[in-house]
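Working notes, structure below.
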There are 2 protein chains.
Amino acid sequence: MTGFTPPPPSPDHGTPDGTPDGTRGEHPGLALIPVGEPPQLRADAARNRTRLLEAASRLAARCGAANLTMEAVAAAAGVGKGTVFRRFGDRTGLLLALLDHREQQLQAAFISGPPPLGPGAPAAQRLHAFGPAVIRHERDHHDLILATRTDPLRAYSVPARHLRLTHVAMLLREAGVDGDAELLAHTLLGYLDTTLIHHLSVERGMSPDRLDATWHDLVTRLGAGPAE
Amino acid sequence: MTGFTPPPPSPDHGTPDGTPDGTRGEHPGLALIPVGEPPQLRADAARNRTRLLEAASRLAARCGAANLTMEAVAAAAGVGKGTVFRRFGDRTGLLLALLDHREQQLQAAFISGPPPLGPGAPAAQRLHAFGPAVIRHERDHHDLILATRTDPLRAYSVPARHLRLTHVAMLLREAGVDGDAELLAHTLLGYLDTTLIHHLSVERGMSPDRLDATWHDLVTRLGAGPAE
DNA sequence: ACTTTAAACAGGACCTCGGTCCGGTTTTAA
DNA sequence: TTAAAACCGGACCGAGGTCCTGTTTAAAGT
């Protein structure tokens, strides 16, 4: 029994809460947050969590997500280095948590936002709207997203990915597409992969229009109706 | 002028030559290798290159590609640490060079091998055969491939990727598929991405049959004929 | 065959950063 | 009041990567 580490209450790989951008949050009373998964952090832990996310967000904006160092984040947040790792597990965990917060705007848009992206429009139209929305979102945060891809396998386990997958698969079925909806959804999401989009638009200089057009083409060919 | 580094003759990111597995290669005479790109390494440099690749291959087989350390490779090859970096640039470069060598078997199969993968069969059939072949190949080397994905963007610049892309795009056009052949090819290759395949088969437990079936479905829906 | 010259080499010091661990201290919640 | 949980802060390790000194070696010129 030399180095035994009972898993510290499982660091979060990015779960909703935190509100890491607002400058409020000193009074921990009033549990407004409809938090679901995080097993209730202790008050000081939660406070440090948001401090860390704020600091990370600042530093990422200043120096780029790729240049974030854990020590710098810890120092900027005024906490010890160990605290950062206790909370987020590792660097990727921190970046994912950062990303997750921003991701929720997109999620809200296609889950409960106005049509054609949100509910209310026919499934095919929602699908057609989905691609360009994701592409735009990913372009806005490409540096952060790319920085998380140091651990390629984890990208598939992150809740955001799963949510997108379920959503697209559902729309495919709803649009009357026959076949393996889950794998077809994976294929569509593959086309929207940040790395690919970044490569095509930045390194190959493809226009957004061309990327969008092929999305519509794909959705149509997979059996959902045309865009119109 | 403190730390200026005139780019050392550009380390290779994985280019054909080397024959890093055979145990021959002591007599550097007889330039049999129809080498194209590598700007002719000096004899001792070439020798060290193959030594390094051999050592790396051994170590990767023993401990897994993820646990390869540059110093271990250097030591096992009996060269200095600096030599490894001079030759391959960085760890990813070394891994890509390793991978590239194994990739050539697959390339030979679909470029000049027997039908239906190689030339001689109709384009649609070649396309249908392409997916399962790549999936099998990637499963065989998934640890090595995943280890290179630490640098996600580089995966798109590597010659092997470009070759696959051109090949698939050509087959699509040849099969009479209309639309943006290049982007459709990217989509198909996205479905074959090692990370995705690994996630689906290992972590989600999907059967190879199901993965293959969806490949055929995809190719068919994109407009090439059915498999038959 | 001999000299020359540029390139490659060994090998290790050195830096950075991710990640672990620990001893002592503070804070929270019961 | 008390016990558990979180924290600080830094020592510590491993590995990637840089750089430098002096040495070897291959290749081109005579």
Side-chain angles (χ1 to χ4, degrees), chain A residues 1-12 27-29 31 38-52 56 59 63 65-95 147-148 150-151, chain B residues 1-12 26-29 31 38-52 56 59 63-95 147-148 150-151:
Chain A
M1 48 192 75
T2 51
F4 177 72
T5 304
S10 82
D12 58 349
H27 294 276
Q40 294 153 293
L41 294 177
R42 234 175 59 172
D44 53 348
R47 180 166 40 89
N48 276 343
R49 197 187 116 97
T50 72
R51 276 192 194 164
L52 282 168
L59 291 180
C63 321
N67 300 41
L68 257 197
T69 79
M70 300 298 267
E71 293 208 346
V73 173
V79 309
K81 186 180 175 184
T83 303
V84 192
F85 285 95
R86 172 201 309 281
R87 191 61 41 209
F88 298 101
D90 57 2
R91 202 182 102 109
T92 305
L94 170 62
L95 294 176
T148 68
T150 318
D151 190 349
Chain B
M1 46 187 75
T2 50
F4 177 70
T5 304
S10 81
D12 57 350
E26 277 321 292
H27 293 276
Q40 293 154 295
L41 295 176
R42 230 174 61 172
D44 52 347
R47 181 165 41 87
N48 277 343
R49 198 188 115 97
T50 73
R51 275 191 195 163
L52 282 168
L59 291 180
C63 322
N67 302 40
L68 258 196
T69 79
M70 299 299 268
E71 292 207 347
V73 173
V79 310
K81 185 180 176 183
T83 303
V84 192
F85 285 94
R86 172 201 308 282
R87 192 62 39 207
F88 298 102
D90 57 4
R91 202 181 102 108
T92 305
L94 169 62
L95 294 176
T148 67
T150 318
D151 189 349

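Letters A, B, ... mirror the listed sequences (proteins, then strands); counts begin at 1. Note that the structure is a prediction, hence the values are computed from the model and not measured.
- In the region residues 70-81 of chain A, proximity to DNA chain C at under 4.0 angstrom, judged on heavy atoms, holds for A:M70, A:K81.
- Rounded to whole angstrom, the span from the CG atom of A:L68 across to the C1' atom of C:dG18 amounts to 13 Å.
- Closest-nucleotide positions on DNA chain C for A:T69 and A:G82 were compared, and the one nearer the 5' end corresponds to A:T69.
- Under 4.0 angstrom from either OP1 or OP2 of C:dA8 there lies no side-chain N or O belonging to B:N48.
- B:A75 meets the side chain to side chain contact (heavy atoms under 4.5 Å, CB included) test with no other residue; sequence neighbours excluded.
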Might you list the N or O atoms of the protein lying below 3.5 Å from N or O atoms in nucleotides 23-25 of chain D, with each pair's distance?
residue, atom, partner, partner atom, Å
D:dT25, O2, B:R42, NH2, 3.3

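- Across every non-hydrogen atom of A:A76 and A:L59, the tightest pair is CB-CD1, 4.0 Å.
- Taking only side-chain nitrogens and oxygens, B:R87 comes nearer than 4.0 Å to OP1 or OP2 of C:dC9.
- Applying the side chain to side chain donor-acceptor pair (under 3.5 Å) test to A:D151 and every residue at least two apart in sequence or in another chain returns A:R154.
- A:A66 meets the side chain to side chain contact (heavy atoms under 4.5 Å, CB included) test with no other residue; sequence neighbours excluded.
- Following rounding to the nearest Å, A:F88 (CZ) and C:dC17 (P) show an atom-to-atom distance of 20 Å.
- Contacts classified as salt bridge (Lys or Arg N to Asp or Glu O under 4.0 Å) and involving residues 64-80 of chain B (residues at least two apart or in different chains) are given here: B:E71-B:K81.
- Counting all heavy atoms, side chain and backbone alike, B:T148 lies closest to B:T92 at O-CG2, 3.7 Å.
- Looking at residues two or more places apart in sequence or on another chain, you find a side chain to side chain contact (heavy atoms under 4.5 Å, CB included) between B:A56 and B:L68, B:V73, B:L94, B:L98.
- With sequence neighbours excluded, the residues that form a side chain to side chain contact (heavy atoms under 4.5 Å, CB included) with B:A46 are B:L41.
- Rounded to an integer number of Å, the gap from B:L95 CG to D:dG16 C1' is 12 Å.
- End-to-end axis angle of the helix from C:dA1-D:dT30 to C:dA30-D:dT1, from C1' rotation axes over five pairs per end: 30° (rounded to 10 degrees).
- The distance from atom CG of B:L52 to atom P of C:dA8 is 14 Å, rounded to the nearest whole Å.
- Checked against C:dC9, D:dA6, C:dT20, the side chain of A:F85 finds its nearest nucleotide in C:dT20.
- Side-chain N/O atoms of A:R91 include none lying less than 4.0 angstrom from OP1 or OP2 on C:dC17.
- Contacts of A:N67 classified as side chain to side chain donor-acceptor pair (under 3.5 Å), with partners at least two apart in sequence or in another chain: none.
- Atoms CZ and CG, from B:R86 and B:L52 in turn, are 12.0 Å apart once rounded to the nearest 0.5 Å.
- Here the shortest heavy-atom pairing between A:V84 and A:M70 reads CG1-CE, 3.8 Å.
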